[in-house]
Structure formats: structure tokens, C-alpha cells
Number of protein chains: 2
Amino acid sequence: MRLVIAKCQVDYAGRLTAHLPLATRLIMVKADGSVLVHSDGGSYKPLNWMSPPCTLVVAEPDEEAAEAGVTAVWTVQNSKSDDRLVVSIHEVLHDADHDLGVDPGLVKDGVEAHLQKLLAEQVETFGVGWRLVRREYPTPIGPVDLLCRDDAGVAVAVEVKRRGEIDGVEQLTRYVELLNRDPHLSPVRGVFAAQEIKPQARTLATDRGITCVTVDYDALRGVDDPSTRLF
Amino acid sequence: MRLVIAKCQVDYAGRLTAHLPLATRLIMVKADGSVLVHSDGGSYKPLNWMSPPCTLVVAEPDEEAAEAGVTAVWTVQNSKSDDRLVVSIHEVLHDADHDLGVDPGLVKDGVEAHLQKLLAEQVETFGVGWRLVRREYPTPIGPVDLLCRDDAGVAVAVEVKRRGEIDGVEQLTRYVELLNRDPHLSPVRGVFAAQEIKPQARTLATDRGITCVTVDYDALRGVDDPSTRLF
DNA sequence: TTTTGTATCTCGTAG
DNA sequence: CTACGAGGTACAAAA
């Protein structure tokens with residue numbers, strides 16, 4: 001990884017056109033050729049960048065640019081599209097190369113998929129006597145997260161979200177409506193399960209006869225087999 | 001901006017839990033206290049990070065950690081939530097501070113809003129004799145991008161997108177259906193305008209009697225008044 | 001302030 | 001390989 005601190009001007013042309021006026025910034029060149037231009041603020045998103053696969057070519061500035069103070073022109077060209085990033089270097093304040101090696105990568109835990117898996121393993125969270133029919137139960141408009149039968153044997157479509165918002169209720173409504181057309185399943189009711197359910201979503205769900213269940217993720221994980229945990 | 005190259009291990013706890021095993025990485029500390037951990041690959045997204053507002057506290061490792069080779073523990077705590085990033089430093093290979101100053105910021109061009117504006121000024125792109133009724137024509141479910149009259153005086157609802165995908169067609173369908181209930185406008189037909197229209201979207205649109213128009217952004221901009229251009 | 005919609009989205013995963 | 005959904009989404013504009 002090459003790190004350059006430089007006074008520079010940056011132009012991007014591709015899916016849109018973007019321009020960065022002359023200022024001091026960090027230019028990061030990664031091993032795969034990708035380039036990131038960062039300022040000393042904002043979020044994790046660079047001001048401008050080029051994603052791999054791409055190639056970096058360093059050239060002399062033309063006469064006009066040289067008169068304007070440009071000492072080098074870096075052109076980063078995407079190999080697949082015609083996206084192009086042009087960095088006009090005025091002054092280099094720091095330039096260093098570091099060998100980082102390959103990163104072992106990130107280990108994640110706590111996403112919706114895991115929540116769905118835990119609930120599938122512990123459908124009794126919803127009520128005693130419940131059983132799972134299947135995860136990702138297919139419908140013409142997409143799979144329902146969980147299809148269950150409650151203690152009375154009634155089919156229940158469960159939508160699992162980390163944060164329950166209004167669009168999740170809309171989604172579940174469509175599933176329930178569709179599943180109710182199947183005489184083998186009907187009547188089907190809906191359960192909206194999330195770690196946190198927004199008031200708006202809860203109101204809409206209740207209005208449509210959908211049951212809301214807030215799920216305690218840590219509690220679910222607690223009764224899970226510790227050997228399957230990541231760390 | 002402080003740039004540190006270090007052998008480190010990183011743990012994040014907040015909306016999810018994530019762990020980075022020991023490896024050499026770049027740690028970027030920005031002026032606002034935010035921290036980014038980058039590897040030598042991937043895209044512009046860091047492996048792990050903390051967004052501002054947050055504060056960085058450096059502490060000695062506890063005995064157990066010290067025995068495992070940790071020389072310092074950086075804790076980055078978000079000021080608004082309970083999100084926390086913990087960087088366990090094993091070995092620092094590089095450490096430098098640079099004063100970048102405030103960035104003048106990015107100037108963008110070419111987004112959907114601009115496309116809509118250009119089309120509004122040049123409705124004849126759709127056909128000779130067309131005229132604009134108004135931009136952002138209000139309906140109960142939201143504004144239609146453009147409402148026009150074609151050469152025969154028939155009302156046309158135009159949906160403008162940069163990339164035309166299936167949800168844009170759905171959106172336009174709802175608008176057309178709703179506008180057709182208005183006896184002052186009916187019959188209303190639909191035009192789906194985008195720089196690029198996905199085959200699926202085109203098929204759905206055609207099936208619903210919606211006309212697809214691919215728009216040449218550069219051509220539109222070319223006949224635009226150059227004095228209004230950004231650079 | 002909160003909400004809404006776009007993004008050079010990125011990133012995973014299923015088909 | 002494409003299509004689709006989720007994101008510690010980020011970001012800006014509108015309400």
C-alpha cells in the first residue's frame with residue numbers, strides 16, 4: 001500500500017462527473033491498483049476513488065498544466081468500464097510504501113441472517129407448541145423468512161428483521177395475502193419479528209392483524225450451543 | 001490526519017459484532033476523531049471503522065493482553081450511540097501526522113435531478129410538438145417527474161431515472177393509473193426515460209403499454225447553455 | 001429537527 | 001454470470 005500526502009486536484013469521469021479543487025489530501029494506492037482520495041474528515045467514504053480492476057499511469061503534465069503548477073498527472077483507468085480518475089499532483093508532502101500482506105478478513109455476527117437462523121432453531125420463542133415448516137418458504141414474489149404452524153396448527157408467515165420498519169410490514173402483508181390463496185395453507189396469519197419495532201410499523205401491523213414480536217438477540221444466542229458461536 | 005501502519009487486532013461492538021484477526025493494516029485517524037482500518041485490497045470501504053462524533057482513548061493493555069503481545073489498546077467510543085471500536089496494537093511499523101486543512105469539497109454533476117431538469121427544458125427529446133405541463137406534478141402518492149402533452153395533446157406522465165430498473169416501471173404504473181382517474185387528464189400514457197434501461201424493466205414497461213426512451217445525457221447537456229454548466 | 005430517496009453505493013448470496 | 005436484498009449503509013434534499 002502506497003500512501004501519498006499531496007496538494008492535488010482530482011477529476012472523475014464515468015457514471016457521473018466530479019471535481020475536487022486544489023487542496024492537500026491523502027492518496028491511497030492499494031495493492032490491487034485501486035485508488036482512494038481522502039480528506040481529513042467526513043465518513044469512511046473517500047472524496048473520490050477508483051475501484052479495481054484498474055491501472056495507474058503516471059505522466060508528465062502538459063505545458064498548460066505545468067504552468068498552473070502541476071508536477072505530475074496520475075491517470076487511473078478502470079479496466080472494465082470507461083470510468084477514469086485523474087489526479088493532478090502539485091506538491092508531494094509524503095510518499096511511502098508499505099507491505100501489508102493479505103488480510104485474513106472480517107468475522108461478522110449479529111446480522112439478520114443469524115437472527116433468522118436462531119429463530120428457526122427456536123420457534124418456541126413465538127409460543128409453546130409452535131413448529132417450523134421451513135425457512136425461506138418460496139412464494140411467487142419471493143421467499144418468506146419462516147413458515148410455521150402454531151399450537152393450533154394454523155399456518156403463520158414470519159418476517160424477520162433486525163429493525164422492524166414500515167416496509168417490512170408491507171412485505172409481510174403481501175406474503176400473507178398470497179399464501180392465503182393457497183387452500184392447503186389458508187388461513188395464514190402473519191408475525192413480524194424484530195429486535196426493535198418502530199411505532200409506525202407496529203401500528204400498521206396491528207391494523208392489519210399482524211402480530212408483532214420483539215426479539216432479544218442475546219437471549220436467543222444465550223440458549224444456542226456455545227460451540228457454534230464465533231468467538 | 002494520523003496514519004499508522006501496525007500489526008493489530010480489531011473488535012467492533014455496536015449494531016453488530018465484528019472481529020479482525022491479527023494482521024498488518026493501515027489505521028487512519030481523522031481530525032474529527034473518526035478512525036478507519038484499511039487492508040491492502042477490497043474497495044473503498046474500510047474493514048472496520050468508527051464514524052464521528054467519537055473519541056479515541058489510548059490505554060495500556062491488561063496483563064493477559066500484554067502477554068499475548070499487545071503493546072497498546074485504542075478504544076474509539078461513539079459519542080451518540082454505544083458503538084465501540086477496540087484496536088489492539090501489537091507492533092507499530094509507521095506513525096506520522098499530517099495537517100491537511102479543511103477540504104473545499106466535491107462538485108458533482110450528472111445525477112438524476114440534472115437529467116430531469118435537462119429533459120424538462122428539452123421535452124422535444126420525446127417528440128416534435130411536445131410541451132411541458134409541469135415538473136414534479138403532484139399526485140396523492142407523490143410527484144410525477146414530468147407531466148407533458150404530446151403533439152396530439154394527449155397527457156403523458158414521464159418518469160426519469162439514471163438507470164431504468166423494474167421498480168421505476170412499477171412507480172410509473174401507479175402514477176399513470178392514478179392520473180387516469182382524473183377526467184381532466186385522462187387518457188394518460190406513460191414514458192419511462194433513462195440513460196440505460198434494463199431488459200427486465202423494458203419488458204415490463206412494454207407489457208404495460210409504457211414507452212421506453214433511452215436518453216443521451218451528453219447530447220442533452222451539449223445543447224444546454226454552457227454558462228449554466230459547473231465547469 | 002426527522003423523514004425520504006439516491007448512490008461512482010458496497011457486499012453478500014442465491015439461482 | 002446476473003439478480004436481489006441488506007447495510008454499523010452514507011449522503012443530501014425535502015418536509
Side-chain angles (χ1 to χ4, degrees), chain A residues 10-20 34-37 41-52 54 76 78 80-85 105-106 108-116 135-136 138 141-143 145 159-163 165-168 171 194-195 198-201, chain B residues 10-19 34-37 41-52 54 76 78 80-85 105-116 136 138 141-143 145 159-163 165-168 171 194-196 198-201:
Chain A
V10 186
D11 289 281
Y12 164 78
R15 273 165 285 187
L16 59 70
T17 318
H19 172 75
L20 282 170
S34 59
V35 175
L36 286 66
V37 180
S43 66
Y44 67 67
K45 199 176 170 183
L47 293 167
N48 226 327
W49 71 94
M50 182 57 65
S51 312
C54 59
V76 191
N78 192 288
K80 284 195 161 177
S81 66
D82 53 2
D83 287 26
R84 178 182 293 197
L85 190 72
L106 189 68
K108 274 189 187 180
D109 183 24
V111 289
E112 180 186 328
H114 199 192
L115 196 61
Q116 190 199 105
R135 279 177 72 182
E136 302 286 347
I141 55 167
D145 288 339
E159 179 68 30
V160 180
K161 292 282 177 204
R162 194 172 52 74
R163 280 184 298 188
E165 300 185 18
I166 213 152
D167 55 346
Q171 196 181 343
Q195 281 185 274
K198 293 279 170 77
Q200 280 193 345
Chain B
V10 186
D11 290 279
Y12 164 78
R15 269 166 282 193
L16 59 71
T17 316
H19 173 75
S34 59
V35 174
L36 286 67
V37 180
S43 66
Y44 70 66
K45 200 176 171 182
L47 292 166
N48 227 326
W49 72 93
M50 182 56 67
S51 312
C54 61
V76 191
N78 191 288
K80 283 196 163 179
S81 67
D82 54 1
D83 288 27
R84 178 182 293 195
L85 189 73
L106 188 68
V107 183
K108 277 188 184 181
D109 183 24
V111 289
E112 182 189 324
H114 198 191
L115 197 61
Q116 191 200 105
E136 302 287 349
I141 55 168
D145 289 339
E159 179 68 29
V160 180
K161 291 281 177 204
R162 195 173 53 74
R163 278 184 300 187
E165 298 184 18
I166 214 153
D167 56 345
Q171 197 182 342
Q195 280 186 278
E196 176 200 346
K198 292 281 170 76
Q200 280 195 344

Under 3.5 Å, which N/O atoms of the protein pair with N/O atoms of nucleotides 12-15 of chain C?
none

Nearest-Å distance for atom pair [atom1]/[atom2], residues [X] and [N]:
X	N	atom1	atom2	result
A:Lys161	D:dT9	NZ	P	13 Å
B:Leu36	D:dT9	CG	P	16 Å
B:Asp145	D:dA14	CG	P	13 Å
A:Leu106	D:dT9	CG	P	15 Å
A:Asp82	C:dT8	CG	P	16 Å
B:Asn78	D:dT9	CG	P	12 Å

For this session: Indicate, with a heavy-atom threshold strictly under 4.0 Å, whether A:Met50 touches base, sugar-phosphate, or nothing.
Result: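 Here A:Met50 touches no strand at all.
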For this session: Could you pull out the closest heavy-atom pair between B:Leu85 and B:Met50, with the gap in Å?
Result: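 Answer, listing the atom of B:Leu85 first, then B:Met50: N-CE, 3.6 Å.
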Exercise. Of the non-hydrogen atoms in A:Asp83 and A:Tyr12, which two are nearest, and what is the gap between them?
Worked result: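 Residues A:Asp83 and A:Tyr12, closest heavy atoms: OD2-OH, 2.8 Å.
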Exercise. Just wondering, are more than 12 heavy atoms of other shown residues or ligands nearer than 6.0 Å to CZ in A:Arg135?
Worked result: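 It does: A:Arg135 CZ has more than 12 such atoms within range.
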For this session: Would you check if B:Trp49 and B:Val76 make a side-chain contact, meaning some heavy-atom pair closer than 4.5 Å?
Result: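 Contact flag for B:Trp49/B:Val76 side chains = no.
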For this session: Find out whether A:Leu20 and A:Val37 are in side-chain contact, i.e. whether some heavy atom of one side chain is under 4.5 Å from a heavy atom of the other.
Result: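 A:Leu20 vs A:Val37: side chains touch.
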For this session: Not counting sequence neighbours, which residues clear side-chain contact (heavy atoms from CB on, under 4.5 Å) with A:Ser43? List them please.
Result: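 Checked A:Ser43 against side-chain contact (heavy atoms from CB on, under 4.5 Å); matches are A:Lys45.
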Problem set entry | Contacts of B:Pro52 that satisfy side-chain contact (heavy atoms from CB on, under 4.5 Å) - sequence neighbours left out |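 Residues passing side-chain contact (heavy atoms from CB on, under 4.5 Å) with B:Pro52: B:Asp32, B:Ser34.
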For this session: Using heavy atoms to find the nearest nucleotide of DNA chain C for B:Lys80 and A:Tyr12 separately, return the residue whose nucleotide is more 5′.
Result: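 Its nucleotide being nearer the 5' end, the pick is B:Lys80.
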Which atom pairs link the protein and nucleotides 10-12 of chain D when you take only N or O atoms and keep those under 3.5 Å?
unit_1: D:dA10; atom_1: O3'; unit_2: A:Ser43; atom_2: OG; d: 2.7
unit_1: D:dC11; atom_1: OP1; unit_2: A:Ser43; atom_2: OG; d: 2.6
unit_1: D:dC11; atom_1: OP2; unit_2: A:Ser43; atom_2: OG; d: 2.9

Problem set entry | CD-CG distance between A:Glu159 and A:Asp145, expressed to the nearest 0.5 angstrom |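 These two atoms lie 4.0 Å from each other.
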Problem set entry | Atom P, compared across C:dC11 and D:dC11: separation rounded to whole Å |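 That atom pair is separated by 15 Å.
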For this session: Not counting sequence neighbours, which residues clear side chain to side chain donor-acceptor pair (under 3.5 Å) with B:Asn78? List them please.
Result: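 Scan of B:Asn78 (side chain to side chain donor-acceptor pair (under 3.5 Å), adjacent residues dropped) gives none.
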